[in-house]
Amino acid sequence: MVTNFACLQTTLHNFVLFFTITFLVQFKTHSYLCFIKILKSSVTLFTMETEQKSIRALKCEQSVLSRADGSVMFSQGNTVVMASVYGPLEAKIQKELSDRMYVEVNYKPKTGMPGVAERGKEKLIKTTCNHIILTNLHPRTAVCITIQEMQDGGTLLSASINAVCLALLDSGLPLQCLVAAVTCLVDKKDKIILDPCIRTVKEGYKAMFTFAFDSQKYNLILSHCEGQVPYQLFQEAMELCQKASHIIFDFYRQAVLRKFSKELL
Amino acid sequence: MATDHKTLQPLEFYKTFLDRKSRPDGRNLLEFRKVTVNAGSIGTADGSAIVKCGNTTVICGIKAEIAAPGMDEPSKGFIIPNVTLPPLCSSKIKSGPPGEAAQSATQFIAELVANNIILDLHNLCIHSTKWAWVLHCDLVCINLDGSLLDACVIALITALKNVTLPIVTYDEELDKLICDTDQKRPLEGIKQPVTSTFSLFENGILISDPTSEEEQLAAGLTSITMEGALVTHMYKPGGCTLDEKQVKKLIQQSELKAKEIVRLIEEVCLSSIAER
């Protein structure tokens with residue numbers, strides 16, 4: 001689907017270029033201005049389309065903190081979060097579990113103290129981590145994961161989960177699988193927008209979904225919804241996010257490749 | 001013999017049941033527990049309900065007060081949910097400040113409210129920018145045996161339907177509120193979301209309406225909120241994975257449950273109105 005679209009885009013682009021040249025030769029000044037307008041409108045149309053079908057640019061820097069076992073600064077478009085992993089550590093006596101590792105997650109908002117909303121996020125991230133970390137390999141220990149929100153660009157929950165996954169990879173803790181979270185939004189016209197930016201979120205929506213998938217069978221690990229839609233649309237949104245999660249898994253691979261190639265050099 | 005097996009190897013004990021597609025309490029895998037609802041049992045509250053799902057018991061009391069609406073949403077009232085898990089409800093809950101379970105349940109209900117799934121908050125407005133109703137919804141669990149969210153949502157909806165508020169008008173010229181306590185009327189525009197909780201086991205087995213024992217042994221939990229055929233909320237905080245077929249199955253099951261519960265709530269509300 002995406003490649004088809006890219007093909008179409010390039011052919012259209014060539015066509016537009018060809019058109020420009022012929023146009024420029026034929027009518028020099030007057031229609032040139034007119035054509036610029038057409039070109040501009042077509043460009044905006046394209047960016048809008050790509051915004052819906054794909055996710056925003058992903059960037060990360062691993063091992064940003066010197067004292068943590070694993071850390072990452074992760075950005076997804078304008079959303080920036082920092083995650084750190086300390087562990088396996090000695091667990092507090094009341095938190096100690098005899099058969100597996102205790103996972104502690106702290107979510108720090110940009111300003112102020114964490115409240116009930118942050119507790120909710122922490123729980124989501126914690127249970128996700130409990131699934132992906134092979135916790136039974138380290139009984140009676142704890143791992144401490146801290147997420148610091150740096151900039152809110154619309155999809156904090158999914159960015160935090162992705163950042164935590166990269167930080168876990170960086171720390172070298174044995175994992176069962178990787179996890180990739182994608183947010184999508186159903187706007188008031190029932191159109192699904194993938195990875196919405198903060199402006200789109202603030203314009204209002206019918207529903208917003210965050211889904212996280214595992215890297216083995218791309219099954220659902222986490223789901224979080226706001227708003228209500230018929231099941232059909234819910235399913236479409238989930239499928240779209242599932243496809244988009246592949247992009248994030250590819251990004252993880254590249255990030256790890258880059259990190260280790262640097263270390264070898 | 002069976003009790004020894006249960007205490008020593010709880011998961012294995014459970015799996016022998018699951019392999020035979022049944023559960024220790026005699027239910028089928030996708031069977032829900034019996035739900036009992038009672039509305040209007042607390043005289044001092046503006047609206048109340050007691051809900052029992054199996055052994056899980058939740059009391060909801062609603063107290064209404066009048067306050068100035070928020071600056072950003074001047075024509076909306078407030079619903080402030082608060083789920084309390086006192087130490088008496090389960091041996092796993094310690095006394096002290098609210099624990100993670102209570103906080104995440106509160107957050108879940110608050111999210112439903114924020115997404116207009118419970119009630120359109122515009123109905124709580126008395127006069128735009130000046131006065132609006134604030135409904136403090138206190139949900140107290142007195143017996144915690146799994147599927148807390150299911151019971152909380154049923155209790156909240158029934159209690160909201162049970163709320164009667166005095167007719168209040170705002171006199172703009174005198175800048176005064178006029179309250180007529182003799183006449184009371186029920187709230188309008190309450191929606192009918194129903195939450196169904198499922199437990200997932202590692203070998204792809206799904207069970208509905210888990211008890212707290214089952215919740216502890218399971219590899220994951222999912223709570224699906226439906227309003228009729230609309231998926232209003234699917235809350236799956238990590239844990240074991242689900243594929244698309246399983247998601248579909250769960251949604252079908254919760255749709256069936258939603259229908260039954262909605263009928264039950266309506267019946268209860270009708271009878272409580274008749275009593276008044």
Side-chain angles (χ1 to χ4, degrees), chain A residues 94 99 103-105 114-133 157 161 164 176-177 179 181 186 204-239 242, chain B residues 11 80-83 94 97-118 191-193 200 202 204 218-248 250-252 254-255:
Chain A
Q94 53 290 33
D99 59 338
V103 180
E104 187 182 300
V105 175
V116 179
E118 279 71 31
R119 287 279 174 282
K121 259 184 207 159
E122 279 172 12
K123 194 193 173 187
L124 287 170
I125 297 168
K126 185 175 155 183
T127 37
T128 309
C129 291
N130 257 326
H131 177 68
I132 65 168
I133 302 173
L157 179 62
I161 293 170
V164 167
Q176 181 180 201
C177 59
V179 58
V186 179
Y205 51 83
K206 255 191 181 170
M208 188 151 88
F209 303 109
T210 302
F211 295 111
F213 301 94
D214 73 323
S215 58
Q216 290 164 330
K217 288 177 184 163
Y218 305 105
N219 279 346
L220 190 67
I221 297 183
L222 168 135
S223 137
H224 183 263
C225 316
E226 287 169 32
Q228 58 188 133
V229 289
Y231 176 60
Q232 186 77 35
L233 217 62
F234 175 83
Q235 201 179 14
E236 257 176 58
M238 199 168 98
E239 275 168 19
Q242 199 176 22
Chain B
L11 194 60
I80 300 165
N82 187 25
V83 181
K94 304 272 180 326
E100 199 202 75
Q103 284 195 26
S104 62
T106 306
Q107 173 65 15
F108 178 84
I109 306 279
E111 262 174 34
L112 292 188
V113 172
N115 294 324
N116 280 338
I117 291 169
I118 303 281
K191 297 179 184 175
Q192 292 175 318
L200 328 164
E202 254 130 26
L221 275 181
T222 319
S223 290
I224 297 176
T225 309
M226 303 277 294
E227 195 193 337
L230 291 178
V231 181
T232 56
H233 207 280
M234 182 174 167
Y235 179 72
K236 184 180 185 305
C240 194
T241 59
L242 274 180
D243 61 28
E244 279 159 39
K245 269 186 200 162
Q246 286 173 314
V247 172
K248 200 169 180 182
L250 292 184
I251 285 179
Q252 278 168 353
S254 32
E255 201 180 331

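Naming convention: chains lettered A, B, ... in sequence-line order (proteins, then strands); numbering from 1 in each chain.
- In this structure, chain B has no heavy atom under 4.5 Å from any part of A/Lys217.
- With a 4.5 angstrom heavy-atom cutoff, A/Glu122 does not touch chain B via any of its atoms.
- No donor-acceptor pair closer than 3.5 Å links the side chain of A/Glu239 to the backbone N or O of A/Glu236.
- Listed options B/Val247, B/Val231, B/Ile251 were ranked by heavy-atom pairs under 4.5 angstrom with chain A; first place goes to B/Val231.
- Residues B/Phe108 and B/His233 have side chains in contact (heavy-atom distance under 4.5 Å, counting atoms from C-beta outward).
- Among residues two or more places apart in sequence or in another chain, the side-chain hydrogen bond (donor to acceptor under 3.5 Å, both in side chains) test is passed with A/Glu118 by none.
- In this structure, no portion of A/Ala212 lies under 4.5 Å from any heavy atom of chain B.
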Would you give me the side-chain donor-acceptor pairs under 3.5 Å for residues 225-232 of chain A, sequence neighbours excluded?
from	atom 1	to	atom 2	distance (Å)
A/Glu226	OE1	A/Tyr205	OH	2.9
A/Gln228	NE2	B/Glu227	OE1	3.1

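- A 4.5 Å side-chain heavy-atom check between A/Val103 and A/Val105 finds at least one atom pair inside the cut-off.
- When every heavy atom of B/Leu200 is checked against every heavy atom of B/Cys240, the shortest pair comes out as CD1-O, 3.6 Å.
- For chain B, no part of A/Met208 is nearby; none of its heavy atoms comes within less than 4.5 Å.
- For B/Glu111, the part lying under 4.5 angstrom from a heavy atom of chain A is the side chain only.
- Heavy atoms closer than 4.5 Å to chain A are found in both the backbone and the side chain of B/Leu242.
- Side-chain atoms of A/Val186 and A/Phe209, non-hydrogen and from C-beta on, do get closer than 4.5 Å to each other.
- Of the listed residues A/Leu222, A/Asn219, A/Thr128, the one with more heavy-atom pairs under 4.5 angstrom with chain B than any other is A/Asn219.
- With a 4.5 Å cut-off on non-hydrogen atoms, A/Asn130 does not touch chain B at all.
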